[in-house]
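Chain letters run A, B, ... following the sequence lines, proteins first and then strands; every chain starts at 1.
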Amino acid sequence: MENKTSAYDHKKIEKKWQKKWEADGIYKSKDKSKKPKYYCLIEFPFLSGEGLHVGHVRSYTAMDIIARKRRMEGFNVLYPIGYDAFGLPIENFAIKTGRPPALIVKDTAATFRRQLKDNGLSFDWDREVNTSDPEYYKWTQWIFLQLLKNGLAYKKKMPINWCLSCKIGLANEEVIDSRCERCGSETDKREKEQWMLAITKYADRLDKDLDLMDYLPKIKTQQRNWIGKSEGAEIVFNIKGSDESIKVFTTRPDTIFGATYLVLAPDHPLIREFLISNFQFSNKSEVEKYAIEAKKRTEIERTAEGKEKTGVELEGVKAINPANQKEIPIYVADYVLAHYGTGAIMAVPAHDERDFEFANKYNLPNIEVVKEGKMIASGKFDGLTSEEAKSKITEFVGGQMKTTFKLRDWVFSRQRYWGEPIPVILCDTCGIVPLAEKDLPLKLPKVENYKPTETGESPLAAVTKWVNVKCPTCKGSAKRETDTMPNWAGSSWYFLRYIDPKNKKAFADKNKLEYWTPVDWYNGGMEHTTLHLLYSRFWHKFLYDIGAVPTVEPYQKRTSHGLILADGGEKMSKSKGNVINPDSIVSTLGADTLRVYEMFMGPFSEAIAWNPDGVVGSRRFLERVWRAFSKVSADKKLENEDISILLNQTIKKVGEDIEEMKFNTAISALMILLNEFEKHEVIPKSYYEIYLILLAPFAPHIAEELWIMLGNKKSIHLSLWPKYKLEHKKDGKIKIVIQINSKLRDFVEVMAGMEDEALKTIVLERPIVKKWLAGQPVEKMFIVKDKLVNIVS
RNA sequence: GCCGCGGUGGCGGAAUGGUAGACGCAAUAGACUCAAAAUCUAUCGGGGGCAACCUCGUGAGAGUUCAAGUCUCUCCCGCGGCACCA
């Protein structure tokens, strides 16, 4: 008996089910539940006006699959969504069109919302957040005030990119080869007072606590390298005939006998001091010129190995190597960075690649002091291992062992309009006066012009009504801070707001935080590993320290997805015209096809190019699932051993692959089972139902439609995830691979679990084995139980 | 340059140190059709052979091992990040 079905038409079913699911609220998370909680998180989309990218669909579908599986496993799942709504693209669009950014955000968010819904993602839409909403950024500002109160926010002069022609500050992205992206003229660096956050105070904990977390190893490694903890020594070198001295940081104090010169960073404070003081050296103007030129180059240019090293000697000045009292020259060179260590190094050409290059160019001596791990040419330390020598030599020269980090404090100011205003008042008498918490949110005022100003200040500086205020402390006239916060601010804590998005009294209720934190699984891009991920861990740790959140870390588990590239392997971009719009796939082939294709197209963690031909394969797969329905029969007698074994293996495989985010092989397993179904005249209903449940997280609409067509009343998405049992064939036979001298030569079927000796006898009797051995004596036989025999002759 | 990741058929890829190429796309041949599309069947890494089968083959080179796509080292190429795009 064939069941009568029409052809698979995604247009008839996808919208229908999306509406029904939303009306029934089946994806809503409950703040109180007897079920265990599970918090799934994806990086919320950054609003840019280009709409949803197929890359968003990739990572959101992946986490959607996990969220759906967790619900079927009996968890109370939180899978929320929101918008990262401040930032440059919206601001630039506002400058171009004159439309208020808030309105642009409203439209853009509406498009994203519609697109996300079209994909059948199981978000809890009641918890949507938007970082540019004053009710949201009120709490971003609140967190800033807590940071300020606790001494973690401070102001410091920092260089910013400056376009000499536009007279505005530029983001790094807007500077291309030292030229302004807008007008093409030269850029420079300019010192500007900036708000800083002291993330370095958390460096050690951010490093150590990675041990507690379930992050992919490559993510931990990259964070650790970014934090860059290193043990070394600070050693003072005196300057001959002067009270001045230079403190260097080195990770290799053992090599000090090979230190043949010192290097100061061009922006080292001592340089400026030397230049203005009456400290005597003969080429002051040359040094000054070098320091100014160095400012124009980026750090990547400056420190690149292979690129020619440059530097200028401070002529007539010598430092004394404290190990051997030798006089050595001092250079200023841009391969040394002011903000790392002490901004000065002792150079050991024999044991450092970059020092070696520099020494070669300037004909500086090269003295080898470590050979095969042992000290040489190092006076009384000769013969010690390099490790032993580190602390002994440091002590001998009066240095101090010291831990340093590569991590730098976070530049938190932007001279831009479209960001959270920094809630402080600057008073000539009282200094920095934080706004009272009751005055939050400090809303962005309406402005005429969204462009940064020619003084380098944010457009807010031009809104005199807003800027000029009375000092809350002394009541004298004062000004508001006009810098705004970077996007990283709002995105550093958004996952906490999802927990209680409408709370007016706190960023989230304590009990709700207690229930939902930490995030159980956070997936995002590798490109966010060192900035967003680290910044939000820092904020969370701070909030923990002030008792505002109950967990030390925000995210229990972190995984990452690969980018989706355009057909030829290039990045998708509007200007190249190679962008795939998910809308067009959803309307022509359906959301289920798009979801299945993106999960099947390749390994989730790796970058992959879009293949327009590949999409149809996923559509064909779903059509075959649809057609299989017509062969379903409820007759129990049809259940069959071969299919049953494969079905159970598939349940296991799909479940395990989802956990490891190996979605491509999970779908492949579903295809293999479908191929098996198709070989039979009828498909037992019980098998087909399990099949639909396994498919449901990937293709929720078609699975639901077929499920209801089978006569089920409740949504498939409220089903339980199936259990499997691993069965063997009733005759218990297994195929064993036979290798002779590691080459595949034969197979044999034997009973599973056969003893080695019995197997050896059987194998050696095989005619093919005898032929290949050709009378040669058997030296050894390697046996992998129930799998393989390798005969070595 | 530094840090991280990757390189397997025509293409996307699969493979707890144990049968390389699962699954899918494209292609070729056939069936169905007046025809086409769709669908179904078969073939599908290179070389040799009527065939059984043999042989070479996972970016290049070396090494460890009974056994290497997988582990180690060197090199080449591609991608992500490098702190104001987010």
* Structure fact -> Separation of B:G80 atom C1' from A:Leu216 atom CG, nearest Å, is 14 Å

* To do: Select base, sugar-phosphate, or nothing to describe what A:Phe782 touches, counting heavy atoms under 4.0 Å on all strands.
  => base

* Asked: With a non-hydrogen cut-off below 4.0 angstrom, is A:Trp488 in contact with a base, only sugar-phosphate, or nothing?
  -> base

* Structure fact -> Residue set satisfying salt bridge (charged side-chain N to carboxylate O under 4.0 Å, His left out) with A:Arg224, at least two apart, ordered chain then number -> A:Asp207, A:Asp211

* Set of residues satisfying side-chain hydrogen bond (donor to acceptor under 3.5 Å, both in side chains) with respect to A:Glu659, sequence neighbours excluded -> A:Lys69, A:Arg70

* To do: May I ask you to say what A:Lys571 touches in the nucleic acid, namely base, sugar-phosphate or nothing, with a heavy-atom cut-off under 4.0 Å?
  => sugar-phosphate

* **Residue pairs, two or more places apart or on separate chains, that pass side chain to side chain donor-acceptor pair (under 3.5 Å) and touch residues 783-793 of chain A** => A:Asn741-A:Ser793, A:Ser742-A:Asn790

* Report which part of the nucleic acid A:Lys780 touches: base, sugar-phosphate, or nothing (heavy-atom distance under 4.0 Å, all strands). => nothing

Restricting to nitrogen or oxygen on both sides, can you table the protein-nucleotides 48-56 of chain B pairs closer than 3.5 Å?
residue	atom	partner	partner atom	Å
B:C54	OP1	A:Arg745	NH1	3.4
B:U55	OP1	A:Arg745	NH2	3.4
B:U55	OP2	A:Arg745	NH1	3.1
B:C56	OP2	A:Lys743	NZ	3.4

* **Sequence neighbours excluded, every pair satisfying side chain to side chain donor-acceptor pair (under 3.5 Å) that has a member inside residues 599-612 of chain A** => none

* Asked: Which part of the nucleic acid, if any, lies within contact of A:Leu788, taking any heavy atom under 4.0 Å across all strands shown: a base, the sugar-phosphate backbone alone, or nothing?
  -> base

* Atom NZ of A:Lys406 and atom C1' of B:G4: how far apart are they, to the nearest Å? -> 13 Å

* Asked: Going through the distances and angles, do A:Asn523 and A:His561 end up as a side-chain hydrogen bond (donor to acceptor under 3.5 Å, both in side chains)?
  -> CA-CA 7 Å; A:Asn523 185 75; A:His561 57 255; 3.1 Å; yes

* Classify the glycosidic conformation of B:G59 as syn or anti, calling it syn when the angle lies within 90° of 0. => anti

* Asked: Can you find a side chain N or O atom of A:Arg224 that sits less than 4.0 Å from OP1 or OP2 on B:G4?
  -> no

* A:Arg558/A:Glu43 under salt bridge (charged side-chain N to carboxylate O under 4.0 Å, His left out): CA gap, chis, key distance, verdict -> CA-CA 11 Å; A:Arg558 169 78 181 190; A:Glu43 286 166 349; 2.8 Å; yes

* Give A:His528 one of three labels, base, sugar-phosphate or nothing, depending on what nucleic acid heavy atoms sit under 4.0 Å from its own. => base

* Atom CE in A:Met572, atom CG in A:Asp567: separation rounded to 0.5 Å? -> 8.5 Å

* B:C54 and B:U39, which share atom name P, separated by this distance in whole Å -> 38 Å

* **Side-chain N or O of A:Asn225 closer than 4.0 Å to phosphate OP1/OP2 of B:C3** => no

* Residue list, side-chain hydrogen bond (donor to acceptor under 3.5 Å, both in side chains) with A:Thr484, at least two apart or on another chain -> none

* To do: Side chain of A:Ser668 only, please: which of B:A22, B:A86, B:G4 is the nearest?
  => B:A22

Please list every donor-acceptor pair under 3.5 Å in which a side-chain atom of residues 83-91 of chain A meets a protein atom from a residue at least two apart or in another chain.
residue	atom	partner	partner atom	Å
A:Asp84	OD1	A:Asn487	ND2	3.3
A:Glu91	OE1	A:Tyr417	N	3.1
A:Glu91	OE1	A:Trp418	N	2.7
A:Glu91	OE2	A:Arg416	NH1	3.4

* Identify whether any heavy atom of A:Phe621 sits under 4.0 Å from a base atom; if not, whether one sits that close to sugar-phosphate; answer base, sugar-phosphate or nothing. => nothing

* Using a cut-off of 4.0 Å on non-hydrogen atoms, how would the nucleic acid contact of A:Arg620 be classed: base, sugar-phosphate, or nothing? -> sugar-phosphate

* Structure fact -> Between CE of A:Met485 and C1' of B:A83 the distance, given in whole Å, is 19 Å

* To do: Look at A:Arg414 and B:A83 and indicate whether a side-chain polar atom (N or O) is within less than 4.0 Å of OP1 or OP2.
  => no

* In whole angstrom, give me the gap between the P atoms of B:A20 and B:U58. => 12 Å

* Asked: How would you label the contact of A:Ser413 with the nucleic acid (heavy atoms, under 4.0 Å): base, sugar-phosphate, or nothing?
  -> base

If you restrict it to nitrogen or oxygen atoms, what contacts under 3.5 Å exist between nucleotides 67-70 of chain B and the protein, and what is each distance?
residue	atom	partner	partner atom	Å
B:A67	O4'	A:Ser742	OG	3.1

* To do: Determine the interatomic distance between C1' on B:G21 and the same-named atom on B:C11; round to the nearest Å.
  => 13 Å

* Write down the distance separating the C1' atoms in B:A68 and B:G17, rounded off to the nearest Å. => 7 Å

* To do: Rounded to whole angstrom, note down the P distance from B:G9 over to B:A60.
  => 10 Å

* What does nucleotides 6-14 of chain B look like as a protein-contact string, B for base, S for sugar-phosphate only, - for none, at under 4.0 angstrom between heavy atoms? -> ------BSS

* Asked: If you look at every strand shown and take non-hydrogen atoms under 4.0 Å, does A:Gln415 touch a base, only sugar-phosphate, or nothing?
  -> base

* Of all the nucleotides listed (B:A86, B:G24, B:G81), which has the minimum atom distance to the side chain of A:Arg624? -> B:G24

* Asked: With rounding to whole Å, what would you report as the distance between B:C71 and B:G1 at their C1' atoms?
  -> 28 Å

* Pairs meeting criterion salt bridge (Lys or Arg N to Asp or Glu O under 4.0 Å) with involvement of residues 594-605 of chain A, two or more places apart -> A:Asp64-A:Arg595

* What integer number of Å spans the C1' atoms of B:G12 and B:G18? -> 27 Å

* Asked: Whole-Å distance between B:C23 P and A:Glu676 CD?
  -> 12 Å

* Using a 4.5 Å cut-off on heavy atoms from C-beta on, say whether the side chain of A:Leu589 contacts that of A:Leu622. => no

* Who passes salt bridge (charged side-chain N to carboxylate O under 4.0 Å, His left out) against A:Lys771, sequence neighbours left out? -> none

* Asked: With a 4.0 Å cut-off on heavy atoms, is A:Gln194 in touch with a base, just the backbone sugar-phosphate, or nothing at all?
  -> base

* Tell me what A:Val792 touches on the nucleic acid: a base, only sugar-phosphate, or nothing, going by heavy atoms under 4.0 Å. => sugar-phosphate

* To do: Consider only side-chain N and O atoms of A:Glu457 and A:Thr455, and report whether a donor and an acceptor are under 3.5 Å apart.
  => yes

* Look at the side chain of A:Asn675 and decide which nucleotide, out of B:G24, B:A86, B:G4, has an atom nearest to it. => B:G24

* To do: Under the side-chain hydrogen bond (donor to acceptor under 3.5 Å, both in side chains) rule, collect the residues that match up with A:Gln415, sequence neighbours excluded.
  => A:Gln194, A:Asp483

* Determine the contact category for A:Ile672: base if any of its heavy atoms lies under 4.0 Å from a base atom, sugar-phosphate if only primed atoms, P, OP1 or OP2 are that close, otherwise nothing. => sugar-phosphate

* Asked: Can you check the A:Phe412 CZ to B:C84 P distance for me, whole Å?
  -> 12 Å

* To do: Answer yes if the ring centres of A:Phe677 and A:Tyr691 are under 6.0 angstrom apart, and no otherwise.
  => yes

* Considering only B:G80, B:C84, B:C82, which nucleotide approaches the side chain of A:Gln222 most closely? -> B:G80

* Asked: What does A:Leu563 touch in the nucleic acid at a heavy-atom separation under 4.0 angstrom: a base, only the sugar-phosphate, or nothing?
  -> sugar-phosphate

